[in-house]
Amino acid sequence: MTPNNAVLTDDFGRKHNYLRISLIEKCNLRCTYCMPADGIVLSPKASLMTADEIYAIAQTFVNNGVDKIRLTGGEPLLRKDFPEIIAKLASLQTEISITTNGILINKYIDVLKEFNVRKINLSLDTLVASKFHSITLRNQFQSVIDNLHLLLNNDFKIKVNVVLIKGFNDDEIIDFIKLTEFLPISIRFIEFMPFAGNEWDRSKMVSQNEILDQVQHHFPESHVEKLEDDKNFTAREFKIKNYLGSFGIISSITNPFCDGCNRIRLTANGKIKNCLFSNSETDLLTPFRNGEALEDLIAFAIKNKKKVRAGMTTIEDVNNPALNQDNRSMIAIGG
């Protein structure tokens with residue numbers, strides 16, 4: 001079938017070929033920037049997409065031009081039917097990747113290899129076990145480290161996602177970059193972003209400029225190499241001369257990359273979010289269960305995408321709680 005790219009093209013000419021599907025709202029960690037301290041109200045099980053529904057809805061997107069799918073959560077590996085979901089999606093002949101906290105990787109590594117899921121984004125916000133517990137409220141640091149090395153030993157392509165929070169882990173920026181000297185990984189520093197219940201304020205954010213200041217103070221200028229960014233980049237990429245790996249900065253707040261955005265998000269309860277920061281959602285699961293076609297709904301959601309950060313065009317907009325908290329919690333969106 002020839003893709004109808006018009007369905008996934010917005011009014012700014014951006015073609016959306018990258019679908020991020022949240023499989024589950026639950027997680028086995030309690031990261032404070034992702035989940036509110038008092039938890040969230042979970043969607044009833046009956047309102048979550050089944051494996052067959054995930055496949056069928058994803059197929060509609062693929063038929064209209066999606067060629068990359070990323071599985072997120074919550075923690076996607078908590079889905080007991082994860083192997084079934086992967087098997088179904090693999091039949092769509094698209095690139096499949098996952099974002100995970102890494103705790104259950106050892107349980108599912110053979111499944112990932114069987115269906116050629118080789119690109120893994122692993123969330124790890126600190127290299128200090130005690131700090132890991134303080135941010136996640138769980139004692140799983142060693143499991144994550146062991147599974148990171150398990151993935152590397154099996155030739156997976158790894159990006160390590162690090163959400164930077166001032167006063168918590170901004171003193172580890174150089175330590176993370178030093179990991180890339182001998183490990184073929186990409187460290188991705190992510191500016192702390194506002195979502196419902198995560199007590200965001202601008203003073204906690206470590207900006208792109210602050211990250212680069214640390215890098216330039218520690219490494220000789222001639223050793224810091226700027227890499228070419230991908231067409232639809234989220235991270236501006238760098239590497240230290242002669243290091244095996246690289247590092248990137250995802251600066252959604254101070255230096256957004258919306259012009260090249262090609263991403264659509266599908267929540268675990270079957271709703272499209274056309275932007276991570278958007279408070280508007282389009283329900284696909286209910287009409288799908290009613291036997292309705294989805295293309296017009298998808299096109300409507302894409303056409304209504306704002307040019308920048310769901311309409312928050314300035315730092316002042318992002319800093320406004322009336323705007324930045326009118327959204328789901330990150331765990332209910334999908335990473």
Task: Contacts of type side-chain hydrogen bond (donor to acceptor under 3.5 Å, both in side chains), residue Gln142, not counting sequence neighbours - done: Asp146
Open item on the list: Would you say Ser43 and Glu25 are linked by a side-chain donor-acceptor pair, where the criterion is simply a distance under 3.5 Å?
Closed with: yes
Task: Sequence neighbours excluded, every pair satisfying ring-ring contact (aromatic ring centres under 6.0 Å, His included) that has a member inside residues 120-142 - done: Phe132-Phe141
Task: Residue pairs involving residues 284-303 (criterion ring-ring contact (aromatic ring centres under 6.0 Å, His included); sequence neighbours excluded) - done: none
Open item on the list: Whether Lys119 engages the ring of Phe156 as a cation-pi pair (distance to the six-membered ring centre under 6.0 angstrom, angle to the ring normal within 45°) should be assessed.
Closed with: no
Open item on the list: Does any part of the side chain of Ile96, heavy atoms only, come nearer than 4.5 Å to the side chain of Asn116, both counted from C-beta?
Closed with: no
Open item on the list: Quick check: do Leu284 and Ile298 have side-chain heavy atoms less than 4.5 Å from each other?
Closed with: yes
TODO: Before accepting this row, confirm whether a basic side-chain N of the pair Asp10/Arg14 lies closer than 4.0 Å to the acidic partner's carboxylate O.
DONE: yes
TODO: Check each of Leu78, Val144, Asn147 against Ile103 using the side chain to side chain contact (heavy atoms under 4.5 Å, CB included) test, and report the only one that passes.
DONE: Val144
Open item on the list: Going by the rule side chain to side chain contact (heavy atoms under 4.5 Å, CB included), which residues pair with Ala51 if we only count those two or more places apart in sequence or in a different chain?
Closed with: Asp81, Glu84, Ile85, Lys88
Task: Under 3.5 Å side-chain donor-acceptor pair for Ser251 and Arg236 - done: yes
Open item on the list: Between the side chains of Arg188 and Glu237, is the shortest nitrogen-to-carboxylate-oxygen separation below 4.0 Å, so that they form an ion pair?
Closed with: no
TODO: May I ask you to test the Ile165-Val206 pair for a side-chain heavy-atom distance under 4.5 Å?
DONE: no
Open item on the list: Once side-chain hydrogen bond (donor to acceptor under 3.5 Å, both in side chains) is applied, what residue pairs with a partner in residues 175-184 remain, sequence neighbours excluded?
Closed with: none
TODO: Go through the structure and list residues passing side-chain hydrogen bond (donor to acceptor under 3.5 Å, both in side chains) with Lys113, not counting sequence neighbours.
DONE: Asn154
TODO: Could you tell me whether the side chain of Asn28 reaches within less than 4.5 Å of the side chain of Leu104, counting heavy atoms only?
DONE: yes
TODO: Inspect the contact between Lys26 and Glu75 and indicate whether a charged nitrogen and a carboxylate oxygen are less than 4.0 angstrom apart.
DONE: no
- [ ] Could I get the full list of ring-ring contact (aromatic ring centres under 6.0 Å, His included) partners for Tyr18, not counting sequence neighbours?
- [x] none
Task: Side chains of Asp125 and Asn169, donor plus acceptor under 3.5 Å - done: no
Open item on the list: Once side-chain hydrogen bond (donor to acceptor under 3.5 Å, both in side chains) is applied, do any residues pair with Tyr55, and if so which ones, sequence neighbours excluded?
Closed with: Gln59
Open item on the list: Among residues at least two apart in sequence or on other chains, which ones pass side-chain hydrogen bond (donor to acceptor under 3.5 Å, both in side chains) with Thr50?
Closed with: Glu53
Task: Glu191 side chain to Thr254 side chain, donor-acceptor N/O pair below 3.5 angstrom - done: yes
Task: Within residues 75-99 or reaching into it, pairs that qualify as ring-ring contact (aromatic ring centres under 6.0 Å, His included) - sequence neighbours excluded - done: Phe82-Tyr108
Open item on the list: Within the structure provided, determine whether Lys157 and Ile120 are in side-chain contact (heavy-atom separation under 4.5 Å).
Closed with: no
Task: Glu172 side chain near Thr126 side chain, heavy-atom distance below 4.5 Å - done: yes
Open item on the list: Holding to ring-ring contact (aromatic ring centres under 6.0 Å, His included), I want the full list of residues that pass it with Phe61, two or more places apart in sequence or in another chain.
Closed with: none
- [ ] Only counting residues at least two apart or in another chain, list the ones meeting side chain to side chain contact (heavy atoms under 4.5 Å, CB included) with Asp283.
- [x] Lys271, Leu285, Thr286, Pro287
Open item on the list: Hydrogens and angles aside, do Ser97 and Arg70 bring a side-chain donor and acceptor to less than 3.5 Å of each other?
Closed with: yes
Open item on the list: Restricting to non-hydrogen atoms, name the atom on Met49 and the atom on Thr267 that form the minimum distance, rounded to 0.1 Å.
Closed with: CE-O, 3.2 Å
Task: Nearest non-hydrogen partners of Asp229 and Lys226, listed with the distance - done: OD1-NZ, 2.9 Å
